[in-house]
Amino acid sequence: MELTKAEEKALRGERGEALASAYRILVSIGEATGAKKLVPIKWAHVSGVNYNTIGDAGMQFLDKFSRDARVVVKTTVNPMGYDRSKPEDLSQNFIDKQASIVRSYERMGVEPSFTCTPYEVFDIPPRGTAVSFAESNAAVFSNSLLGLKTNKESALSALASSVTGLAPLSDLRLDETRNPKVSIKIDFNFESELDFGLLGYFAGKAVKDSSVALAGIGDSLSRMQAKALSAGIGTSGSCGMFSLGDSGNERISFGREEAKSIMDELSTAEDGDIITLGSPQLGLEELNLLAEMTEGKKFKKRCMVFCSRAIHNQAAKIGLTGRIERSGAEFMCDSCTCLTPYVDKDKYDSVVTGSVKAAYYMNSSNKVKVALKDMKTIVKEYTE
Amino acid sequence: MIISGCRKIVGGLGSGKALVSSQPINFLAMVDAKSGVIKDPKHELFNKPLKGAVLIFPNAIGSSVGAYVFYSLKEYGNAPSAIVCSKADITTASGAAIANIPVVDLPEQMSGEPLSSLIKPGLPVSVDADSGRITIGTV
């Protein structure tokens, strides 16, 4: 990869250690993706905010990095571990360390968005704009539905882009990579958004390329379906984009049997102690649906609804939050299901969720069993 | 045996025993940085320590936060001494760049067969990332 003289100087450390490490990251990912140069980006979305994901080492890294690095493009951040207005019985150690991470990001000048759905919270730049999104569901969603150009960035590569305003011109920032070679042919009628999540998880596993075509599910998706699909793809593999239709040459079949085998892998319980809705965080479309479905009903188990603060505020203005809370469901803002300390194996054995991504991380990282059910079934089975 | 012509992703020298997997790794979900082992019972490297090994695997998958796990492994003294991927990915490259772990990759069309069958587990391996060379066994 060719660097400009100014970029070479920054890599050598002439503009400080933090920028030097940012350029080291950009060079390594540029080499990995076969880039010839760096190009400007307009927006970085950074992951690695939840203390439960980056731990003490990550917290210390950010504390040091943020002492002399400042973001130079619009930078939004992923959810943290909890909702600061609902500390419940979380340990003071967790709360203090989470606060340190938030302080580091704020010192760098990020927007304290704490959302994994920045595409629902902020104005979307014109199609074709280069961005750098680390959150995998946001990268897949933005490439596939909004026409933004991002690689499936890592927490550190998006951080490097945020303080340099640059990213390698490679992979999904190039049109030839965005055109899929492989198609997945869907062989049965989908019943709910959960099937889209399962398809995504299957596609991420099956496809080694950066993009994939999906044939047999029509030519448009609801917001809820698109989010479930994007989150599924982002969880299981390295693919960062889908398109609808049969543009690929190689075809892989996704039938009931394949869907069942993903269910067998991720749905490890029949029932759960609590319900979590989120991952990605819920948007207005899903909140509307939830309010309609729970009208006049009460949840029989604790139900946590994860959404961004911004969406929660919008929902509150139109009376949606009150309607949902009357069903007994509780809002958790600024956080999401994956690795949240709210869902702890010391407190719960099992969780009911509609999210394939949440199921994957709650099984593997929160170490609780998961009953995977679509939202309609959850409301039907767990309200009265 | 010497394999040359690998792509340098992160420069440096590293050597150790080959820890080989044909399966990709989700670093956030599968690796415990504090104990330095793969904690996913379904992974073929389950309970294997990464410390000091030359980690040979296809590529990282899943969470973008996996990059921090490389840094945590280094901080806890549990990092592999070098990494060889079949196709280096952004998570591995960026994490290893910050943790100063040398990385090369060797696409299968170049090696002719998967790395996992080319390099036997447990053999001593040295990686010279700057010259793109892997030395397997004693020379």
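Chain naming here is simple, since letters A, B, ... match the order of the sequence lines and numbering starts at 1 in each.
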Answer whether the closest heavy-atom distance between the side chains of [X] and [Y] falls below 4.5 Å.
| X | Y | result |
| --- | --- | --- |
| Y68(B) | S154(A) | no |
| N26(B) | Y360(A) | yes |
| S238(A) | D89(B) | no |

### Message
Quick check: closest heavy atoms across E31(A) and K8(B), and the distance to 0.1 Å?
### Response
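What the structure gives for the nearest pair is CB-O, 3.7 Å.
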### Task
Considering non-hydrogen atoms only, spot the tightest contact between E153(A) and I90(B) and give its length.
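Here E153(A) and I90(B) meet closest at OE1-CG2, 3.9 Å.
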Proximity breakdown for [X] and chain B, heavy-atom pairs closer than 4.5 Å:
| X | result |
| --- | --- |
| K357(A) | neither |
| I233(A) | neither |
| T235(A) | backbone |
| L339(A) | side chain |
| F61(A) | both |

At what distance, to the nearest 0.5 angstrom, does [atom1] of [X] lie from [atom2] of [Y]?
| X | Y | atom1 | atom2 | value |
| --- | --- | --- | --- | --- |
| N59(B) | K208(A) | CG | NZ | 7.5 Å |
| I61(B) | C239(A) | CD1 | SG | 12.5 Å |
| I29(A) | T92(B) | CD1 | OG1 | 12.0 Å |

### Task
Identify which part of D32(B) has an atom lying under 4.5 Å from any heavy atom of chain A, answering side chain, backbone, both or neither.
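Neither; nothing under 4.5 Å.
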### Query
How far apart are the C-alpha atoms of S64(B) and S136(A), what are their side-chain angles, what is the distance that settles it, and do they pass the side chain to side chain donor-acceptor pair (under 3.5 Å) test?
CA-CA 7 Å; S64(B) 59; S136(A) 58; over 6 Å; no
Does [atom1] in [X] sit with more than 12 non-hydrogen atoms of other residues, nucleotides or ligands closer than 6.0 Å?
| X | atom1 | answer |
| --- | --- | --- |
| K97(A) | NZ | yes |
| K51(B) | NZ | no |
| E2(A) | CD | no |
| K367(A) | NZ | yes |
| R133(B) | CZ | no |
| K181(A) | NZ | no |

### Evaluation steps, side chain to side chain contact (heavy atoms under 4.5 Å, CB included), between L156(A) and F70(B)
CA-CA 11 Å; L156(A) 290 171; F70(B) 291 84; over 6 Å; no
### Query
Any sub-3.5 Å donor-acceptor pair from S28(A)'s side-chain atoms to A93(B)'s backbone N or O?
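Such a contact is found between S28(A) side chain and A93(B) backbone.
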### Query
With no hydrogens and no angle check, is any side-chain donor or acceptor of R24(A) less than 3.5 Å from a backbone partner on I98(B)?
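No; zero donor-acceptor contacts below 3.5 Å.
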### Task
Could you tell me which residues in residues 47-57 of chain A have at least one non-hydrogen atom under 4.5 Å from a non-hydrogen atom of chain B, sorted by residue number?
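Contacts with chain B: S47(A), G48(A), T53(A), I54(A), D56(A), A57(A).
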### Task
Apply side chain to side chain contact (heavy atoms under 4.5 Å, CB included) to the pair K42(B) and E265(A), showing each step before the final yes or no.
CA-CA 11 Å; K42(B) 283 183 276 185; E265(A) 179 187 337; 3.9 Å; yes
### Task
Specify which of A88(B), S72(B), A29(B) makes the most heavy-atom pairs with chain A at under 4.5 Å.
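The option with the most such pairs is A29(B).
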